[in-house]
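Every heavy atom of this structure was used, including side-chain atoms; hydrogens, water molecules and symmetry mates were not. Whatever order the structure lists them in is the order used to number ligands and atoms, beginning at 1. Just so it is clear, the model here is predicted, and its values are computed rather than measured.
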Amino acid sequence: MDYKIALIRGDGIGPEVVQEAVRVMDTIGKKFHHNFTYIEVDLGGCATDKYGVSYPEGTAEKCKACDAVLLGAVGGPKWGTDKPAEQRPETALLAIRKDLGLYANLRHATLRPALVDACPLKKETAEKGIDIMMVRELIGGVYFGKRGRYETENCGIECTDLMAYSEMEVERIGRRAFELAQKRGKRVASVDKANVLETSRLWRETMHRISQDYPDVTLEDVLVDNCAMQLVRDPSQFDVIVTENMFGDILSDEASMITGSLGLLPSASIGSNAPALYEPIHGSAPDIAGKDKANPIATILSVGMMFKYSFDLPAESEAIEKAVDSVLAAGWHTADMMGNADQLVGCKKMGSLICEALEN
Ligand code: IPM
Ligand code: MG
């Protein structure tokens with residue numbers, strides 16, 4: 001089969017990790033007889049440097065003409081919060097999510113067998129295992145609500161960020177979560193702050209209403225503060241976690257940290273019509289950019305998610321997972337992971353090792 005993939009290499013370590021993911025795709029292409037074509041798309045700080053804006057016109061259209069999008073990372077101190085919105089990389093990231101309608105962000109936090117010792121939790125907690133599918137609503141809520149800034153009479157400047165959710169928005173992400181749970185552990189934890197927020201009360205009502213359609217799945221409500229605590233107390237209790245945009249942003253960083261390395265976790269952002277977008281959970285790590293020190297595994301595993309969710313190629317996806325696990329089990333690691341000094345490798349070498357494992 002032929003597949004067309006938009007590559008957003010981005011900023012910082014983005015280009016390095018995407019390069020290794022491309023090598024993995026090409027290796028899979030050879031082995032399983034697929035043909036991957038790559039379309040380069042500029043987005044983020046690198047686009048600001050080139051065109052003066054982080055989200056050049058036509059970006060969404062370029063991506064829509066492809067079967068999937070692979071993104072490295074965007075952002076960096078060079079394009080900080082003091083810059084106008086149109087120059088900031090984060091603005092571009094939110095815009096591409098919105099324009100492609102990518103409402104469901106899947107972040108899969110697993111503790112890989114070779115890395116139980118890297119888990120910062122107590123050994124007996126880590127040994128119970130972690131396999132959480134975090135389903136984050138991605139194009140609604142406070143990230144996209146109306147903002148305001150105005151002068152008050154006695155208190156200086158006041159700002160507002162509106163959090164709004166419609167029933168439709170909650171229902172479509174909720175259904176995604178239930179459907180995923182049906183294929184996994186059949187448990188959904190719906191995270192909200194219904195003891196305080198009206199949006200959360202609608203969230204909760206909606207989750208309970210649609211749960212009737214998934215009698216094989218157990219639904220549990222968890223308040224967001226409690227969820228943050230449970231994630232470090234006993235993460236093995238969770239199967240699928242579904243939550244709104246900002247809660248999901250925060251909890252998914254927490255969920256990734258407890259697996260031992262941010263450098264390992266992939267993500268998928270999925271909509272209904274447009275191509276899905278795959279990216280590592282980690283950021284652009286400008287401090288190590290260009291030094292061949294980055295860990296390409298999260299991006300490589302994101303390709304694995306792409307094969308599974310966008311192309312329906314489970315065997316190819318599994319081959320990638322297995323190759324990564326075998327390289328890790330052999331003790332190879334990048335600087336962000338623990339291990340023996342003589343098995344510390346750079347980004348390129350890690351990519352090569354995974355490609356070799358795939359070829360065997
Ligand atoms: C993420 C990131 C983004 C977000 C930032 C860079 C805007 O933290 O993908 O989790 O908050 O969504
Ligand atoms: Mg985040």
| query | Within a strict 4.5 Å, meaning less than it, do heavy atoms of the Tyr55 and Thr91 side chains meet? | reply | no
| request: Run the ring-centre check on Phe307 versus Phe36 and record whether the distance is less than 6.0 Å. | output: yes
| task | Would you give the length of the straight line joining atom OG1 of Thr110 to atom CE of Met133, rounded to the nearest 0.5 angstrom? | result | 9.0 Å
Using distance only, find each side-chain donor-acceptor pair of residues 187-195 under 3.5 Å and give its atom names and separation, not counting sequence neighbours.
from: Arg187; atom 1: NH1; to: Gln237; atom 2: O; distance (Å): 2.3
from: Ser190; atom 1: OG; to: Trp203; atom 2: NE1; distance (Å): 3.0
from: Asp192; atom 1: OD1; to: Ala194; atom 2: N; distance (Å): 3.1
from: Asp192; atom 1: OD1; to: Arg204; atom 2: NH2; distance (Å): 2.9
from: Asp192; atom 1: OD2; to: Arg204; atom 2: NE; distance (Å): 2.8
from: Lys193; atom 1: NZ; to: Asp225; atom 2: OD2; distance (Å): 3.3

| How about the Mg ion (ligand 2), which protein N, O or S atoms come within less than 2.8 Å? | Asp249 OD1
Please tabulate, one pair per line, all N/O donor-acceptor pairs under 3.5 Å involving side-chain atoms of residues 350-360, not counting sequence neighbours.
from: Ser352; atom 1: OG; to: Arg23; atom 2: NH1; distance (Å): 3.4
from: Ser352; atom 1: OG; to: Arg23; atom 2: NH2; distance (Å): 2.9
from: Ser352; atom 1: OG; to: Lys348; atom 2: O; distance (Å): 3.1
from: Asn360; atom 1: ND2; to: Glu356; atom 2: O; distance (Å): 3.2

| message | Does ligand 1 come near enough to Glu90 that some N or O of the ligand is less than 3.5 Å from an N or O of the residue? | response | no
| remark: Candidates Arg136, Glu279, Arg97; heavy atom nearest atom 9 (O) of ligand 1 found on Arg97
| request: Please write down residue, atom name and distance for the protein heavy atom closest to atom 1 (C) of ligand 1. | output: Arg107 NH2, 3.3 Å
Distance-only donor-acceptor hits, side chain of residues 82-89, under 3.5 Å, sequence neighbours excluded:
from: Arg88; atom 1: NH1; to: Lys83; atom 2: O; distance (Å): 2.8

| request: Give the intermediate values and the outcome of salt bridge (charged side-chain N to carboxylate O under 4.0 Å, His left out) for residues Asp67 and Lys4. | output: CA-CA 5 Å; Asp67 300 306; Lys4 211 158 137 193; over 6 Å; no
| message | Between Lys78 and Asp11, is the salt bridge (charged side-chain N to carboxylate O under 4.0 Å, His left out) condition met? List the steps. | response | CA-CA 10 Å; Lys78 191 173 166 193; Asp11 311 319; over 6 Å; no
| Which residue and non-hydrogen atom of the protein lie closest to atom 2 (C) of ligand 1, and at what distance in Å? | Asp249 OD1, 4.0 Å
| request: Please write down residue, atom name and distance for the protein heavy atom closest to atom 4 (C) of ligand 1. | output: Tyr143 OH, 3.5 Å
